[in-house]
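A quick write-up on the structure given underneath.
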2 protein chains.
Amino acid sequence: MTVADRKTAIMEAAARVIARRGVRGLRVEELAAEAGVSTALIYYHFKDRAGILRRTLEFINDRAAHYTTDRAPDAAPLDPREELEQTLLLELQDVDVVRENSAAWGELRATAMFEPELRDALAEATRVWVREVAALLGDLRPTAAAAALTVAAERLTALVEGVSMRWLSGTLPLERARELTRDAIEAELERLGGP
Amino acid sequence: MTVADRKTAIMEAAARVIARRGVRGLRVEELAAEAGVSTALIYYHFKDRAGILRRTLEFINDRAAHYTTDRAPDAAPLDPREELEQTLLLELQDVDVVRENSAAWGELRATAMFEPELRDALAEATRVWVREVAALLGDLRPTAAAAALTVAAERLTALVEGVSMRWLSGTLPLERARELTRDAIEAELERLGGP
DNA sequence: GTCTATATCAGGATAGAC
DNA sequence: GTCTATCCTGATATAGAC
């Protein structure tokens with residue numbers, strides 16, 4: 001295993017531990033055990049606890065970008081509507097990597113309320129996501145104004161974050177969360193001009 | 001100052017400290033200083049750290065219930081539409097108590113992902129809120145089906161939580177958060193049957 | 001680069017006086 | 001009920017060998 005692989009393995013482990021215990025519950029010792037390395041090595045590579053969190057946020061963002069766009073090479077291309085649903089509903093699946101990402105994402109957003117140094121990365125990731133959703137909406141409603149698309153995308157992504165929190169905190173069943181999201185997509189598309 | 005008053009003062013202080021530092025950042029010592037008492041007294045009244053959190057969640061729920069319904073006795077009665085906007089937008093105001101409540105609420109929801117003992121109180125509070133919003137929607141759209149009202153209320157309240165998180169984590173300006181919420185109310189009302 | 005061992009210290013919790 | 005003083009655990013972080 002190369003050094004780069006090992007660093008990646010540590011960040012994968014960090015995502016798992018954060019999903020399991022939260023940012024608050026992340027213990028460097030537990031992370032070390034999860035990754036099968038010593039605590040000293042973690043500090044060697046990531047400097048300190050804040051460094052672990054920062055790098056893990058980046059890692060999660062990258063991974064989300066990939067599971068959003070990576071598709072089997074032989075799969076039929078998605079139509080825009082399917083792609084839009086995918087993009088939003090992907091955050092709401094009971095699949096390890098996704099659940100980890102969503103949980104870690106929620107945690108990191110919550111943490112960012114009190115740690116300004118996470119804010120920039122968070123704001124940027126949000127911006128990218130909103131832009132992506134707005135673009136997909138634009139494909140489906142080419143005549144809609146750019147501002148209207150952005151507002152709709154902000155509402156949809158904020159809703160997904162909201163229902164995701166409820167899902168992960170056990171307040172809302174997953175299927176219900178997905179249903180609310182699907183309906184909201186429907187509603188926004190109607191709002192942007194009927195089909 | 002009576003004992004009951006003192007306990008209330010401690011919980012008010014807890015809400016302030018949680019809003020400022022987060023659940024993870026809550027130090028019993030800082031709480032004690034904020035409330036002007038000793039740490040020993042906190043433990044005397046609340047047993048342990050978990051007890052502080054549990055009681056504080058109850059406290060902010062009660063307080064939110066009151067600032068939602070308390071109104072100057074001489075004020076003109078709100079019409080249902082205003083009342084609906086109030087109920088949802090009240091969580092999005094740059095007023096100390098509200099900001100505290102919203103921040104603490106977001107924190108506690110995030111914490112509940114990993115601490116099952118907070119879940120019940122959280123789920124119950126959410127249920128009450130959804131029911132309240134659904135009832136207000138029902139006043140405005142008496143012909144709508146109950147299930148449709150509930151779904152709309154779930155979407156709206158989840159959206160408010162989502163934009164609230166973004167607001168408090170510095171990703172979205174307050175005015176924008178309010179605007180998105182207002183538009184969403186508009187959209188849900190249209191969806192439930194035009195005015 | 002990676003480990004074992006350990007320093008350091010913050011903060012939760014309690015004892016005991018008043 | 002409330003305080004002062006203190007204990008002690010658990011977690012971050014580092015020293016130094018390999």
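The basis for the numbers below is simple: all heavy atoms, side chains too, and nothing from hydrogens, waters or symmetry mates. Letters A, B, ... are given to chains in the order of the sequence lines, protein chains preceding strands, and every chain is numbered from 1.
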Quiz prompt | Check against salt bridge (Lys or Arg N to Asp or Glu O under 4.0 Å), B:Arg182 and B:Glu179 | solution = CA-CA 5 Å; B:Arg182 260 187 247 108; B:Glu179 189 186 325; over 6 Å; no
Practice problem: Just jot down the side-chain hydrogen bond (donor to acceptor under 3.5 Å, both in side chains) partners of A:Arg6, sequence neighbours excluded, or say none. | Solution: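 So A:Arg6 forms no side-chain hydrogen bond (donor to acceptor under 3.5 Å, both in side chains) with any residue.
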Exercise. Determine, for nucleotides 2-8 of chain D in 5'-to-3' order, which nucleotides have protein heavy atoms under 4.0 Å from the base (write B), from only the sugar-phosphate (write S), or from neither (write -).
Key: BBB----
Exercise. Report the hydrophobic cluster partners of B:Val130, with the cluster defined as I, L, V, M, F, W, Y residues connected by side-chain heavy atoms closer than 4.5 angstrom, directly or transitively.
Key: none
Quiz item: Tracing side-chain links under 4.5 Å among I, L, V, M, F, W and Y, which residues wind up in one group with B:Trp105?
Solution: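 Besides B:Trp105, the hydrophobic cluster comprises B:Ile10, B:Met11, B:Val17, B:Ile18, B:Val23, B:Leu26, B:Val28, B:Leu31, B:Val37, B:Leu41, B:Ile42, B:Tyr43, B:Tyr44, B:Phe46, B:Ile52, B:Leu53, B:Leu57, B:Phe59, B:Ile60, B:Leu108, B:Leu118, B:Leu122, listed by chain and residue number.
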Quiz prompt | Whole angstrom value for the distance that separates P of D:dG1 from CZ of B:Phe46 | solution = 12 Å
Quiz item: What are the residues of residues 19-34 of chain B, sorted by number, that bring a heavy atom to within less than 4.0 Å of DNA chain D?
Solution: none
Quiz item: Taking only N and O in the side chain of B:Tyr43, is any of them less than 4.0 Å away from OP1 or OP2 of C:dT14?
Solution: no
Salt-bridge test for [X] and [Y]: reply yes if a basic N is under 4.0 Å from a carboxylate O, no otherwise.
X	Y	result
A:Arg24	B:Glu107	yes
A:Arg20	A:Glu30	yes
B:Arg166	A:Glu154	no

Quiz item: Which residues satisfy the side chain to side chain contact (heavy atoms under 4.5 Å, CB included) test with B:Arg81, sequence neighbours excluded?
Solution: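 Only B:Asp79, B:Glu85, B:Leu140, B:Ile185, B:Glu186, B:Leu189 meet the side chain to side chain contact (heavy atoms under 4.5 Å, CB included) criterion with B:Arg81.
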